[in-house]
Amino acid sequence: MFYSHQLLLTGFFVLYSLTIDAQQPEITQVRSAKQAYEQAGSHIRKKQYSNAITLLQKAVQEDPHFASAYQQLGDIYRLTEAYTEAKASYESVLKIDPNFNSLTFYGLAISNFYSGNYAEALPWFTKYAQSPKLTDKSKLQIEKYIQDCRYGMNAVRKPVPFDPINLGASINTPNQEYFPSITADNEQIIFTRRTKNNEDFYESEKTSEGWKPATSLSSNINTESYNEGAQCISPDGVYLFFTACNRPDGQGSCDIYLSKKNGKDWSVTYNPGSPLNTESWESQPALNADGKRLYFVSNRKGGYGGNDIWCAELKPDGEWSEPKNLGPNINTPYDEHSPYIHPDNKTLYFSSEGWPGLGKQDIFMSVQEDSGQWKQPTNLGYPINTAKEQSGFMVSTDGNTAYYSSDIKGGYGGMDIYSFKLNDAFKPKKVTYVKGSITDFDTQKALSAQVTIVDLKTGKPAFEDDEDNNGKFLATLPQDSKYALTIFKKGYMVYSENLALETQNDRAPFILDVKLKPIKVQEEATLKNIFFDTDKYSLLPESKSDLAILIRFLNENATVSIEINGHTDNVGTDKINLLLSENRAKEVYNYLISNKINSSRLSYKGYGKSSPIADNLTETGRQLNRRTAFIIKSIN
């Protein structure tokens, strides 16, 4: 339902009708064979392929020289993806009559190609390409197959490291499982399962012993009447974007919907409408790390082929912008599927039928340059990609583990979900995550608060969560920068943390247990993102995020008066340190006044090295002692 295979299937039926037209003069003289052949044709028109196969097998048994029956048998086997049987049928045609029909060459080529026999498929594609009545469109299609054969032959000779691990019986069943979505901490998975031709979401949590048995996600999302699938989950596990088809509130055959987690359940689903959804087909959403960019697949007008990958931006008013096509470095005249944007916000993985590959859908990787342009995609190689379908690909936040759906041998049946260690060549940029809980210092009860993370290099927000977050937050952050994290809740002291990710060599996450202290006299808070040059007291631009949260604190707690404190380490003389700390505190004081905070609510004081919070024997300790803080002096 969530892949658009209509054009592919149409191609099969067109080919079938051409084959029948070409074969009419080649009918058998054996009456029983002719009768079985004609009865098979009736079943084919009704798409009753199993019955047709039985009758065609009878036809060739009655007349072993019945080339038309063998050809038709090969076409049905190929249509139903029984390529080994299709190949044998086409070879029987050629034994009877090597020049029976040029479509026999095509059928034999396709059957070998989708069996992974690229060297055997190539000469048959080449032979079919010489057919005199091929349309220009058919010539382009055959030329692509020829290129894919050459690519496949080379890829098989140079395999990449690959050791897939089935996620096990808690996730996979004899039904079809696909489109895995995993939270940034790798502790929750949501995936699509098709049971009795109905697609729904299932979820599981990871424990020290592995994945728990998957259960249906929510009755607010899953329905008995419609299909739901092809989803993505935000890194913090709070928002689910997914595809639903043919719903009464839909704008096209399939639309993108969203739901928000409320406690242990999910909200009633919401259709964001135009311009995200149109009367065309929209599916397979992928949300970026900060939740402000949504990639998806659509066959809407203005694309390069059947299904293209598009991207929409979340505007300040909460609406989505007019989607933009990702362009010819991603999209082809054929179909692209299942985009996944890694939390590094630069690396895109997707499936494509258009770029040189090994079969139906290969997985590719592309990196966005600073200019915004996408680099030409790289095929992840064999045996990650095979002649079969590969889709629903995603990579863990740390970049080490990939998850995808495949029907490789050894599974539980149909499409199963697998994981494997990702080759270094295909890893995204280093990313880690910050995961925290927020509670009241006195009562230990969970608090919902505004969490903001600012990239100190750009001054732009990397993460914002100002909704009811049940005292939990999780943000993914590229490790090539440093960040200021602030937490604000009216009536409580400000929380500030500096995240110097660019100095980390590993991808270890930050786990924060934040206990917000209620405002009271003599309560102190340290602002860890107030910066000065060495031995100077002019505020650096990187200080703006903490200064902004301090201004908000004072504006929303209008009865509070504070003293701004400056502190230094023990390097240098007492006199110099005292003067430096006072000047730095005064600089913050002046900044607040310039931003319309009444001076009657403010004072400042330098403490020099007299109030250390760590030892001064190490650089880490000295760094902690060089700080700016504020104390509540009065509450009127």
Side-chain angles (χ1 to χ4, degrees), residues 441 454 456 482-488 492-504 510 512-551 553-554 560-595 597 599-635:
F441 183 85
V454 173
L456 291 175
K482 52 185 179 180
Y483 302 87
L485 181 149
T486 56
I487 298 177
F488 176 86
Y492 288 82
M493 300 296 287
V494 168
Y495 179 87
S496 169
E497 189 65 64
N498 179 259
L499 307 174
L501 271 59
E502 63 182 355
T503 61
Q504 282 195 177
F510 285 83
L512 302 176
D513 182 12
V514 179
K515 299 183 185 301
L516 291 185
K517 295 181 178 181
I519 295 172
K520 61 182 179 181
V521 175
Q522 293 302 309
E523 195 65 75
E524 182 178 13
T526 299
L527 301 171
K528 296 182 180 180
N529 298 291
I530 301 293
F531 302 104
F532 306 90
D533 281 329
T534 303
D535 297 330
K536 295 182 180 179
Y537 54 85
S538 294
L539 284 163
L540 294 177
E542 293 92 332
S543 306
K544 287 185 177 179
S545 62
D546 270 20
L547 291 168
I549 206 70
L550 180 54
I551 291 169
F553 172 84
L554 291 166
V560 168
S561 296
I562 66 170
E563 177 186 273
I564 303 155
N565 299 333
H567 301 271
T568 67
D569 56 28
N570 67 346
V571 177
T573 67
D574 292 353
K575 182 177 180 181
I576 290 176
N577 283 330
L578 188 63
L579 180 61
L580 180 62
S581 64
E582 184 160 337
N583 282 334
R584 286 179 170 178
K586 183 179 180 181
E587 190 76 1
V588 174
Y589 169 87
N590 289 333
Y591 186 92
L592 295 177
I593 291 175
S594 69
N595 281 272
I597 302 298
S599 61
S600 64
R601 300 174 60 197
L602 304 174
S603 61
Y604 63 90
K605 185 176 181 179
Y607 287 83
K609 66 176 186 180
S610 65
S611 300
I613 57 173
D615 66 62
N616 280 299
L617 300 177
T618 64
E619 176 52 35
T620 300
R622 290 190 292 271
Q623 187 176 8
L624 290 172
N625 290 330
R626 298 190 297 266
R627 67 193 190 279
T628 301
F630 69 91
I631 294 176
I632 306 297
K633 298 303 290 183
S634 66
I635 304 174

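The model shown is predicted, which means the values in this text are computed figures rather than measured ones. For reference, positions follow the sequence shown, starting with 1.
Between I632 and I562, the closest side-chain pair of non-hydrogen atoms falls below 4.5 Å. A heavy-atom distance below 4.5 Å is not found between the side chains of Y483 and N529. In this structure the side chain of L554 reaches within 4.5 angstrom of the side chain of L602, judged on heavy atoms.
For K536, the NZ atom counts as loosely surrounded, since its 6.0 Å shell holds 12 or fewer non-hydrogen atoms of other residues, nucleotides or ligands. For D535, the CG atom sits in a loose shell: 12 or fewer heavy atoms of surrounding residues, nucleotides or ligands are nearer than 6.0 Å.
Put simply, the residue from Y591, Y537, Y589 that forms a ring pair (Phe, Tyr, Trp, His ring centres under 6.0 Å) with Y604 is Y589.
Salt-bridge formation is not detected for the pair E587/R584: no Lys NZ or Arg NE/NH1/NH2 atom is positioned less than 4.0 Å from an Asp or Glu carboxylate oxygen.
Contacts of F553 classified as ring-ring contact (aromatic ring centres under 6.0 Å, His included), with partners at least two apart in sequence or in another chain: F630. Under the side chain to side chain contact (heavy atoms under 4.5 Å, CB included) criterion, A614 pairs with L624, N625, not counting sequence neighbours. Checked against side-chain hydrogen bond (donor to acceptor under 3.5 Å, both in side chains), N577 has no partners two or more places apart in sequence or in another chain.
Not one N or O on the side chain of S561 forms a donor-acceptor pair closer than 3.5 Å with the backbone of K633. Looking only at distances, no side-chain donor or acceptor of N570 sits under 3.5 Å from a matching main-chain atom of K609.
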